[in-house]
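When a residue number appears, it is its place in the shown sequence, counting from 1.
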Amino acid sequence: MDKQELLDTRYLRMAQIWAENSYCKRRKVGALLVKNKMIISDGYNGTPVGFENVCEDDNDHTKAYVLHAEANAITKVAQSNNSSRDATLYVTSSPCIECAKLIIQAGIKRVVFNEIYRLTDGIDLLRRAGIDCCQLEI
């Protein structure tokens with residue numbers, strides 16, 4: 001295993017641990033933004049700040065306002081002095097189409113993920129934008 005793959009594995013394992021912070025019952029997703037070997041942001045899926053930590057409605061459907069882990073990490077870095085330009089996003093599940101659009105606009109150059117989300121349109125869009133996408137099963 002080369003050095004980059006070793007780092008990718010470690011950061012992805014950290015994203016898996018970060019996913020444990022999610023209050024969502026159906027699916028827990030974690031994300032880390034890394035630039036120059038430094039974690040510059042993190043996120044997990046959940047409700048917006050100030051909302052109750054309940055992701056599913058009474059019918060066990062995800063509430064419409066629940067944020068994805070990638071969106072939380074990107075908006076968190078936007079509030080900091082860091083820039084996501086040329087960063088790598090480590091996420092436990094491949095991004096959906098909406099998160100893919102945010103990733104492109106945020107200038108993220110690489111996405112490393114563990115499992116493939118049921119829809120692949122997000123990964124397809126990222127690749128079309130020239131963003132390096134790498135599935136790493138750990």
Side-chain angles (χ1 to χ4, degrees):
M1 185 179 292
D2 69 6
K3 190 172 186 173
Q4 184 61 58
E5 191 174 349
L6 186 62
L7 284 172
D8 288 347
T9 300
R10 288 178 178 159
Y11 284 127
L12 199 50
R13 284 191 357 236
M14 290 170 72
Q16 285 180 321
I17 291 168
W18 203 243
E20 295 173 15
N21 288 317
S22 174
Y23 287 92
C24 297
K25 295 176 188 171
R26 291 180 48 225
R27 183 179 188 84
K28 296 178 183 294
V29 180
L32 293 178
L33 260 174
V34 177
K35 187 173 180 178
N36 300 324
K37 297 182 183 175
M38 291 187 325
I39 297 169
I40 60 169
S41 190
D42 55 63
Y44 51 87
N45 56 326
T47 56
V49 173
F51 282 65
E52 74 289 347
N53 287 321
V54 179
C55 298
E56 293 84 9
D57 62 21
D58 292 337
N59 296 319
D60 206 31
H61 294 114
T62 301
K63 293 179 180 178
Y65 53 83
V66 168
L67 292 158
H68 289 187
E70 305 94 318
N72 269 325
I74 290 168
T75 56
K76 192 174 186 178
V77 79
Q79 294 182 40
S80 74
N81 293 327
N82 287 313
S83 167
S84 55
R85 177 154 313 285
D86 296 328
T88 297
L89 176 69
Y90 294 89
V91 62
T92 56
S93 182
S94 63
C96 70
I97 190 88
E98 294 302 317
C99 288
K101 291 187 276 186
L102 292 174
I103 291 164
I104 293 165
Q105 291 300 95
I108 294 166
K109 69 174 182 178
R110 190 163 171 262
V111 176
V112 179
F113 59 93
N114 184 24
E115 60 183 35
I116 294 186
Y117 181 62
R118 62 182 171 83
L119 302 173
T120 61
D121 51 357
I123 290 294
D124 296 340
L125 184 65
L126 291 173
R127 288 188 173 133
R128 181 175 171 199
I131 294 172
D132 180 25
C133 298
C134 173
Q135 182 179 15
L136 188 60
E137 296 181 33
I138 58 171

(message) Can you see whether Tyr90 engages Asp8 through a side-chain donor-acceptor pair at a distance of less than 3.5 angstrom?
(response) yes
(message) Any non-hydrogen side-chain atom of Lys109 less than 4.5 Å from a side-chain atom of Ile131?
(response) no
(request) Give a yes or no on whether a salt bridge exists between Lys63 and Glu52, defined as a side-chain N under 4.0 angstrom from a carboxylate O. (result) yes
(request) Identify whether the distance between the nearest side-chain nitrogen and carboxylate oxygen of Asp42 and Lys76 falls below 4.0 Å. (result) yes
(message) Between Ile138 and Ile116, is there shared hydrophobic-cluster membership here, with clusters defined by ILVMFWY side-chain heavy atoms closer than 4.5 Å?
(response) no
(message) Testing the basics here: between Ala100 and Pro95, what is the closest heavy-atom pair and its distance to 0.1 Å?
(response) N-CB, 4.3 Å
(message) Counting only heavy atoms not in Asn53 (residues, nucleotides, ligands), do more than 12 fall under 6.0 Å from its CG?
(response) yes
(request) Heavy atoms only: give me the nearest Tyr11-Leu32 pair and the separation to one decimal. (result) O-CD1, 3.6 Å
(message) Assess whether a salt bridge exists between Arg27 and Glu56, defined as any Lys/Arg side-chain N lying under 4.0 Å from an Asp/Glu carboxylate O.
(response) no
(message) The test is side chain to side chain contact (heavy atoms under 4.5 Å, CB included); show your working for Cys96 and Tyr117 and say whether it passes.
(response) CA-CA 7 Å; Cys96 70; Tyr117 181 62; 4.2 Å; yes
(request) Check the hydrophobic clustering (I, L, V, M, F, W, Y; side-chain heavy atoms under 4.5 Å; chains of links allowed) and say if Val77 and Ile104 are grouped together. (result) yes
(request) Treating Ile, Leu, Val, Met, Phe, Trp and Tyr as nodes and any side-chain heavy-atom pair under 4.5 angstrom as an edge, say whether Ile123 and Val91 lie in one connected cluster. (result) yes
(request) Give, for atom NZ of Lys35 and atom CG of Asp86, the distance between the pair rounded to the nearest 0.5 Å. (result) 6.0 Å
(message) Looking at every heavy atom in both Arg127 and Cys133, which two are closest together, and how far apart are they?
(response) NH2-O, 3.6 Å
(message) Is it the case that the side chains of Ser22 and Asn45 hold a donor-acceptor pair, with the cut-off being a distance below 3.5 Å and no angle test?
(response) yes
